[in-house]
Amino acid sequence: DQFYDIIMLSDVAEAYSTIAKKGRVLADYYIGTGHPVKLDQFFDGFKRSLAMGNEPSDDPYIPPELHGLFDVDSLRTDTNFTPKKKLFLN
């Protein structure tokens, strides 16, 4: 039961550019969506989306023990960066 935070490559590139311009010196930033999902959930949602034409949405459940691991708050606070594309599809 491993969780993954899948993010578009274009969003990663934009995050690095934004960090270079606005980030704090020696700060550590987690680059991701902040919405981890199990890989099988991601692919199941992707298949359903292809079949039904659903819009992307976030999985609302993140186990409490993972809250700090996928934390994008400092990245958002320091740089105003937010990923533009959501990949988890219901």
**Asked** Do Asp5 side-chain atoms and Gly32 backbone N/O form a donor-acceptor pair below 3.5 Å?
**Response** no
**Request:** Measure the OH-CZ distance between Tyr30 and Arg76 for me, rounded to the nearest 0.5 Å.
**Result:** 12.0 Å
**Prompt:** Is the shortest heavy-atom distance from the side chain of Ile19 to the side chain of Ile31 under 4.5 Å?
**Reply:** yes
**Message:** Asp11 vs Phe81, test: side chain to side chain contact (heavy atoms under 4.5 Å, CB included). Steps then yes/no.
**Reply:** CA-CA 9 Å; Asp11 281 337; Phe81 173 79; 4.2 Å; yes
**Asked** Is the closest side-chain heavy-atom distance between Tyr29 and Ser74 below 4.5 Å?
**Response** yes
**Message:** With heavy-atom distances below 4.5 Å as the criterion, would you say the side chains of Leu39 and Ile6 are in contact?
**Reply:** yes
**Residue pairs fulfilling salt bridge (charged side-chain N to carboxylate O under 4.0 Å, His left out) with at least one residue in residues 12-28, sequence neighbours excluded** = Glu14-Lys84, Arg24-Asp78
**Message:** Can you tell me how far apart OG1 (Thr18) and CG (Leu75) are? Round to the nearest 0.5 Å.
**Reply:** 8.0 Å
**Prompt:** Considering residues at least two apart in sequence or located in another chain, which fulfil the side-chain hydrogen bond (donor to acceptor under 3.5 Å, both in side chains) criterion with Tyr16?
**Reply:** none
**Check: Thr77 side chain, Asp73 main-chain N or O, donor-acceptor pair, under 3.5 Å** = yes
